Amino acid sequence: MILEEIRNIKSEKKDLRSFGITFGVVLGLLAGALWWKGKDTYAIFAMFSAAFFFFGLVLPRLLKPLQKIWMTFAVIMGWIMTRLILCVLFYVVFTSIGGISRMFGKQFLNLKGDKSKQSYWIYREHVPFDRERYEKQF
């Protein structure tokens, strides 16, 4: 499934141009922040920013290998982060809710059996027929 998603990464001219311009802008912002902080490495980021911006506008096909590598990395990170977030959600949120509810004796489902009952069917009260109830069910 993840391999199929990696194989289906779009690398059309429009996608490559968007990739180059986006990387150029992000690296340019990073260069500006480094320049503002007084770091000497801002020039390196500014050169890479200009290169990505140039290739994104003029020769986007040259960015294809970099875009494939970056998007493959993004797909893999998305796969990992999805599972990580779901595990954290389950074990932190749902397990803690279950533990707290057990501590206070709350049961959300009536799972205890009663052998004296013939049926567990819950009868509802008889409501006269009303046409509007069928139109707005919820």
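Since the model is a prediction, treat every value here as computed from it, not as a measurement. Counting from 1, the numbers follow the sequence of the chain as shown.
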Quick check on the hydrophobic clustering: are [X] and [Y] connected, directly or via other members, by side-chain heavy-atom contacts under 4.5 Å?
X	Y	answer
L57	V26	no
L29	F19	yes
I21	I69	no
V58	F55	yes
I9	W70	yes

Nearest heavy-atom neighbours spanning R61 and S11: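 It is NH1-O, 3.5 Å.
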Derivation and outcome, side chain to side chain contact (heavy atoms under 4.5 Å, CB included), residues F53 and L27: CA-CA 10 Å; F53 203 73; L27 289 174; over 6 Å; no
Looking at [X], I'd like to know if its [atom1] atom is crowded, meaning that more than 12 non-hydrogen atoms belonging to other residues, nucleotides or ligands lie closer than 6.0 Å.
X	atom1	answer
R102	CZ	no
K64	NZ	no
Y91	OH	no

Can any side-chain N or O of [X] pair as donor or acceptor with the backbone N or O of [Y] at less than 3.5 Å?
X	Y	answer
S96	V93	yes
T22	S18	yes
R17	P60	no
S101	F108	no
Q67	L62	no

Straight-line distance of [X] [atom1] to [Y] [atom2], nearest 0.5 Å:
X	Y	atom1	atom2	value
M1	W79	CE	CH2	9.0 Å
F54	L63	CZ	CG	10.5 Å
K68	K10	NZ	NZ	12.0 Å
L84	M77	CG	CE	9.0 Å
K106	I97	NZ	CD1	13.0 Å
L59	K13	CG	NZ	9.0 Å

Partner of I2 by side chain to side chain contact (heavy atoms under 4.5 Å, CB included), out of T72, I76, I80: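 Output: one option passes, namely I76.
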Mutual orientation of the aromatic rings belonging to F52 and F23 [parallel < 30°, tilted 30-60°, perpendicular > 60°]: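 The arrangement is tilted - the two ring planes meet at 30° to 60°.
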Show which side-chain atoms of residues 35-50 pair as donor or acceptor with protein atoms under 3.5 Å away, not counting sequence neighbours.
{"residue": "S49", "atom": "OG", "partner": "G24", "partner atom": "O", "Å": "2.5"}
{"residue": "S49", "atom": "OG", "partner": "G28", "partner atom": "N", "Å": "3.2"}

